[in-house]
Number of protein chains: 2
Amino acid sequence: MPLDAAQTKRDRLEKKEAAIVDAATDVYLEKGFEKTTMAEIARRADVADGTLYTYFKNKNALMMAVVAAHWARITDEANKSISSSDNFFDAVEAHARYHITMLLKDWRLIDLSYVLYYMQRMPEIEATAYKREYSSVFDRVYNRALDRGEIRSDVPLRHARDLFYGTLEYAARTQVQGRSKQEVESIVKNLVAVIREGFAPSKPSTTREAIVDRLEAAVARLESVSSRKPTSGR
Amino acid sequence: MPLDAAQTKRDRLEKKEAAIVDAATDVYLEKGFEKTTMAEIARRADVADGTLYTYFKNKNALMMAVVAAHWARITDEANKSISSSDNFFDAVEAHARYHITMLLKDWRLIDLSYVLYYMQRMPEIEATAYKREYSSVFDRVYNRALDRGEIRSDVPLRHARDLFYGTLEYAARTQVQGRSKQEVESIVKNLVAVIREGFAPSKPSTTREAIVDRLEAAVARLESVSSRKPTSGR
DNA sequence: CTTGAAAAATGAATGTAATTCATATAGTAT
DNA sequence: ATACTATATGAATTACATTCATTTTTCAAG
């Protein structure tokens, strides 16, 4: 088989697969999970019922593809959301703003991930992989800040990550479920403020004793630094 | 109808209803949502298939009852979890510890609430009411601390609540989904530390603190001059 | 330009599980 | 005991997901 013919064929199949995923997304957003039927998806994608099964193992796999397409989109956007900030707190604020705005806009698709995950075990599809990829955005920002000494170093990454995404997702869910109006800015500012206080390099205590301790420690660090450099002997 | 006869009759029906809910809980915990069938529940509860529908409108309503029974249990326990602490941070720590321990133990039932909620709209059942009742535990602790001036007063309750429950639920979910071992204490201590820093009444800065800041800055400059610590990549 | 084997697509048939409903049974008041 | 009502029953119905025997399309080789 010539290479460009194969290319064309694969293109054609991928286009059809994408059309099916798009149709499934539309139906799901209109009707919700329970009322989405394979027959309706097939009708919208303009294929026969059976055709769906040549592209996806079953309904769950198809819905998982819907979810995967969405995570790919937002992971891409999330990476852009931090690109303009160079200090930790600005990057956190930008990413928080992007994240909660997205959650409020696309919550039905995000929640679909959870529904699929909890409805049945699907280890072969690894439903949480998309999320892990997405949350690596925060990980990079955090690790860079650690390297630069912008934040205290005794809080493990995973705790910071849980705080960040957990707070935003809970806030978004509260807002979507209740009928409270959206208040993105208030939520973002509050989270950033807490992180600013809780993750700042630890402020030394102001007792005289503590000052002396701090000075001793600083001197010790200086000594150990210069002793590692034989050229600048002491 | 005599009153005690009515009482007996209602008792009988309530016992049967509880038996059905218990059977449903068992089957669900064994098989997961998709593989739980009404026929199996009926068999376990020792009633006919149709009988289930004289107690519950449909499968979702029955599963919702399973969820409701669980929320009632844990709301009761949660209230006990804070009763022995009298200051804010102790109460927060006690409740945090109870909450995440419960989440790790009963996550399948907690998640079932979400699955049901997101699978279809059920405004008549008000799936989130249980959760609202539960989270009022935190609200009471927080409002009491506000009254007593134990914490700063410019953080709205809902933001504090989102931070508290959001962080713990995200942490629990991460742990359940991954195969990382449980680390309740680390998570609790970290959350309490962040809340302690972020919610403490703001202290006015003192002269001594300014001195320390200046010394810190001077030492940092010295250190950066005597050795260019390369930022370790990652 | 044919051709036939492999890949895709089809939709009627099948299987599974939720839900309904006509009928039977049990409980209660008179 | 009798009639009346509330409960319980499980066979029949319904709604979908999924399968599979056929048909249609694609494409490399002659």
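A quick note: this is a predicted structure, and the numbers were derived from the prediction, not measured. So that the names make sense, note that chain A is the first sequence line, chain B the second, and so on, each numbered from 1.
Aromatic ring orientation, A/Phe199 versus A/Tyr142: perpendicular (interplanar angle above 60°, classes split at 30° and 60°). Using bins of under 30°, 30° to 60° and over 60° for the plane-to-plane angle, the ring pair A/Phe138/A/Tyr165 lands in the perpendicular bin.
Note on B/Thr51: a side-chain N or O is less than 4.0 Å away from OP1 or OP2 of D/dT9. One finds no side-chain N or O of B/Arg43 lying less than 4.0 angstrom from the OP1 or OP2 phosphate oxygen of D/dT9. For the OP1/OP2 pair of C/dA8 and a distance below 4.0 Å, the side-chain nitrogens and oxygens of A/Thr54 include no atom meeting the criterion. Note on A/Tyr55: a side-chain N or O is less than 4.0 Å away from OP1 or OP2 of C/dA9.
Between the CG atom of A/Asp49 and the P atom of C/dT14 there is a distance of 16 Å, rounded to whole Å. A straight line from CZ of B/Phe33 to C1' of C/dA17 spans 12 Å, rounded to a whole angstrom. Atom-to-atom, CG of A/Leu62 to C1' of D/dC16 comes out at 15 Å; the value is rounded to the nearest Å. Nucleotide C/dA18 holds its P atom 11 Å from the CD atom of B/Glu34, rounded to whole Å. With rounding to whole Å, A/Lys59 atom NZ is found 14 Å from C/dA17 atom C1'. For B/Lys57 and C/dC21, the NZ to P distance is 14 Å, given to the nearest whole Å. For the pair B/Ile20 CD1 and D/dT7 C1', the interatomic distance rounds to 11 Å; values are reported in whole Å. When the P atom of C/dT16 is taken as reference, atom CD of B/Glu40 falls 15 Å away, rounded to whole Å.
Within 4.0 Å (heavy atoms only), B/Lys16 reaches sugar-phosphate atoms of the nucleic acid but no base atom. Nucleic acid contact for A/Thr37: sugar-phosphate only, since backbone atoms but no base atoms lie under 4.0 Å from a heavy atom of the residue.
At a threshold of 4.0 Å, the pair B/Asp11-B/Lys15 does not count as salt-bridged, since none of the basic side-chain nitrogens sits closer than that to a carboxylate oxygen. Using a 4.0 Å cut-off between a side-chain N of Lys or Arg and a carboxylate O of Asp or Glu, B/Asp49 and B/Arg43 do not qualify as a salt bridge. By the 4.0 Å N-to-carboxylate-O rule, A/Glu169 lies close enough to A/Lys131 to be salt-bridged with it.
B/His95 has its ring centre less than 6.0 Å from the ring centre of B/Phe164.
With D/dT18, D/dT9, D/dG10 as the choices, the nucleotide that has an atom nearest any side-chain atom of A/Met38 turns out to be D/dT18. Each of D/dA8, C/dA9, C/dT19 was ranked by its minimum atom distance to the side chain of A/Leu13; first place goes to C/dA9. Looking at the side chain of B/Ala48, the nearest of the listed nucleotides C/dA18, D/dG10, D/dT26 is D/dG10.
For the helix from C/dC1-D/dG30 to C/dT30-D/dA1, the angle separating the two terminal helix axes comes to 0°, with each axis derived from five pairs and the value rounded to 10°.
Counting only N and O atoms by type, the side chains of A/Arg148 and A/Asn87 include no donor and acceptor under 3.5 Å apart.
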